[in-house]
Q: 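I am attaching a structure below and will ask some questions about it afterwards.
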Amino acid sequence: MKKLGRVAAVALSATMLAGCGGAGKKTDTSTFRFASELDIMGMDSSVVDDGMSFNAIHAITEGLEGLDKNGKTVNAVAQSYKVSDDRKTYTFKLRKDAKWSNGDDVTANDFVYAWQRIIKNAGNYAYMYGSDGANILNADDLIKKGTTATQAELDTLGVKAQDDKTLVVTLAAPVPFFLDLMTFPCYYPINQKFAEKAGKDYATKPEYLLSNGPFVMKKWTKGKSADFVKNDKYYDAKDVKLKNLHFDLAMKPQSASANFDSGRVDYATISSDLVDKYKGKDTYKSFNEGFLFYLEPNTKDPVMANKNIRKAISLAVNRKQLCSDVLKDGSKEAKGFVPAQLSQSPDGKDFRSIAGSFTKYDEKAAQEALNAGLAELGKSEVTVQLLYGTDESPMDSVAEYVQGNLSKLKGLKVEMSATTKQDRINNRMKNGNFQLAVTRWGPDYADPTTYLNLLSTGNSNNYGEWSNAQYDALMKQIQTEADASKRYDLMVQAEKIGMDDLADIPLFEKGGSALQATSVSGLVHKAVGVPYTFKFVTLK
């Protein structure tokens, strides 16, 4: 999962500041004000792929499954479900009282339409319907067709409306984490009649949005703010205590913390350079953000295609110092491509503890690997361009630190290529126009495959185009392996192949820091899936 970084500082208007409460006295207990360095990039669940958009969509929309106060997966629009003996067919009974904010019933067809729509539109998360995700019957073939798929072909997707309140989902093979996936926005329903009437305007403004969740979006100014009000038509409205939800968007952490200190916001994410100022206070919160930051080499580039060059780069980075002296936010050095605390084996062991470590800092060994790589390339020196986004905190400081480490190696020069995240991914990485990039990925679900899939040949997020037949064979085996212990062992084997070949170079597991008013309770934050759930927030 991708998140967009900070864009610009935002000045709060007097009307928006009225009655706010952060560290100061809270005068309005009906409004929760949330400040983030991220912007809402879109509200169409079949298109977006960034964390802040997911937060906003999750605030107004619910899928078959949702989250409880403890962040655990529970029934949402689905009142109940049955699973076939072979674990490949799920029959969901939808709540009779599930309504859209215009009064329409939420129906099984709303899911059928939405799921076909994301494939037809070739949405960024369409791949999650195939064998890299929910493994829905016929999804892989339809994803390949994308925008050329006919309606008759889309109708072969393994999702059917048996009647208005009965949805049947058929999988190509069992997926152990299928229900957890159903909490993710790309599986949310869309009201077909409303969306088709709105046409190209759908989800571009609050008036072109419908809600079936806790809140309704009332106002949205990109790069500045968004306002939501409680949805009285929501089936569980009695459990929603907030009347209003306000987002301050694309706000620099320094501005957000200042507004928090003056009581103007109730929750603000902050950057690592502010940690020392607030650490130890009762309003300071630290958490595992779930993101893995890594270097992605373009293996189609002659220099990056050399394994010894990639090895030298990995060995040259002092990850421990990066985390302790630069980030200072609880980030931990990455040991592999699957972060710690993501998933446990059937016998309760963390994936990372089983798989071991593939990273270390050794400048001497790095120089030796570089020398070997240069000899293989027939060069005395190589220049590597390091691509990163300046609007993706802390990408710039990470890139500068990596440059400093790599520049210590004799025979390796590093050129910095700074841009925006949108340009980095959509124009540069997707088109193979890069050598080495600082990038990141957040888990969409609590299983190692949410990372391991990224290294599969043909995966839409495998921008470095690393390819290994043995790896691909293991990943296909993982998709159909019913024995949980065997499946786990296969995943450990797959990661080892990717890491031994330095398909990607892990840097660190991101820690996060935030300020939360003592009056706030019930905010659900997760490192996996949608970052924030606002449904249960209460203010003293």
Q: Once salt bridge (Lys or Arg N to Asp or Glu O under 4.0 Å) is applied, do any residues pair with K145, and if so which ones, sequence neighbours excluded?
A: E153
Q: To check you understand the geometry: which heavy-atom pair defines the closest contact between M304 and I309, and what is its length?
A: CE-CG2, 3.7 Å
Q: Are more than 12 heavy atoms from other residues, nucleotides or ligands located less than 6.0 Å from atom NZ of K311?
A: no
Q: Can you name the residues that form a salt bridge (Lys or Arg N to Asp or Glu O under 4.0 Å) with D180, not counting sequence neighbours?
A: none
Q: Checking side-chain polar atoms at under 3.5 Å, does Y463 have a donor or acceptor matched by the opposite partner on N461?
A: yes
Q: Taking atom types as modelled and ignoring hydrogens, do the side chains of E465 and N298 form a donor-acceptor contact shorter than 3.5 angstrom?
A: no
Q: Quick one, L523 and Y267 - any side-chain contact, counting heavy atoms below 4.5 Å?
A: yes
Q: Please state whether the rings of Y125 and F54 are parallel, tilted or perpendicular, taking 30° and 60° as the class boundaries.
A: perpendicular
Q: Side chains of Y532 and H58: is there a donor and an acceptor less than 3.5 Å apart?
A: no
Q: Could you walk me through whether V530 and N55 pass the side chain to side chain contact (heavy atoms under 4.5 Å, CB included) check?
A: CA-CA 6 Å; V530 179; N55 289 331; 3.7 Å; yes
Q: Which pairs pass ring-ring contact (aromatic ring centres under 6.0 Å, His included) with one or both residues in residues 323-376, sequence neighbours excluded?
A: Y294-F337, F351-Y488
Q: Does L452 reach the side chain of V338, with side-chain heavy atoms less than 4.5 Å apart?
A: yes
Q: Output a table of donor-acceptor pairs, distance under 3.5 Å, between side-chain atoms of residues 274-282 and any protein atom two or more places apart or on a different chain; print 'none' if there are none.
A:
{"from": "D276", "atom 1": "OD2", "to": "K328", "atom 2": "NZ", "distance (Å)": "3.3"}
{"from": "Y278", "atom 1": "OH", "to": "D261", "atom 2": "OD1", "distance (Å)": "3.3"}
{"from": "Y278", "atom 1": "OH", "to": "D261", "atom 2": "OD2", "distance (Å)": "2.7"}

Q: Could I get the full list of salt bridge (Lys or Arg N to Asp or Glu O under 4.0 Å) partners for D472, not counting sequence neighbours?
A: none
Q: State which residues pass ring-ring contact (aromatic ring centres under 6.0 Å, His included) with Y284; sequence neighbours excluded, sorted by chain then number.
A: none
Q: Checking Y127 against S131: is there a side-chain donor and acceptor pair closer than 3.5 Å?
A: no
Q: Could you pull out all residues at least two apart from K335 that satisfy salt bridge (Lys or Arg N to Asp or Glu O under 4.0 Å)?
A: E333
Q: State, with a plain yes or no, whether a side-chain heavy atom of L436 is found less than 4.5 Å away from one of L387.
A: no
Q: Might you point out which heavy atoms bring M128 and Y187 nearest each other, and give the distance in Å?
A: O-OH, 2.6 Å
Q: Can you pull out every ring-ring contact (aromatic ring centres under 6.0 Å, His included) where at least one residue sits in residues 384-403? Sequence neighbours excluded, please.
A: none
Q: May I have all residue pairs that pass salt bridge (charged side-chain N to carboxylate O under 4.0 Å, His left out) and include part of residues 481-491, sequence neighbours excluded?
A: D447-R487
Q: Assess whether a salt bridge exists between E495 and R352, defined as any Lys/Arg side-chain N lying under 4.0 Å from an Asp/Glu carboxylate O.
A: yes
Q: Please check if any side-chain donor atom of D350 sits under 3.5 Å from a side-chain acceptor atom of Q344, or the reverse.
A: no
Q: State which residues pass ring-ring contact (aromatic ring centres under 6.0 Å, His included) with F434; sequence neighbours excluded, sorted by chain then number.
A: none
Q: Indicate yes or no: at least one non-hydrogen side-chain atom of Q254 is less than 4.5 angstrom from one of S271.
A: yes
Q: Please list, chain by chain and in numerical order, all residues satisfying ring-ring contact (aromatic ring centres under 6.0 Å, His included) with W466, sequence neighbours excluded.
A: Y471
Q: Assess the pair W441 and F291: is the distance between their ring centroids shorter than 6.0 Å?
A: no
Q: May I ask you to test the L386-V438 pair for a side-chain heavy-atom distance under 4.5 Å?
A: yes
Q: In the structure I gave you, are the side-chain heavy atoms of V47 and N124 within less than 4.5 Å of one another anywhere?
A: no
Q: Per the side-chain hydrogen bond (donor to acceptor under 3.5 Å, both in side chains) rule, which among K421, E296, R424 passes with T439?
A: R424
Q: Assess the side chains of N468 and D501: does a donor N or O sit below 3.5 Å from an acceptor N or O?
A: no
Q: I'd like to check V398 versus V326 (side-chain heavy atoms, cut-off strictly below 4.5 Å). Are they in contact?
A: no
Q: Just to verify, what does F178 make a ring-ring contact (aromatic ring centres under 6.0 Å, His included) with, not counting sequence neighbours?
A: Y90
Q: Would the number of heavy atoms belonging to other residues, nucleotides or ligands and lying under 6.0 Å from CD of E381 be above 12?
A: yes
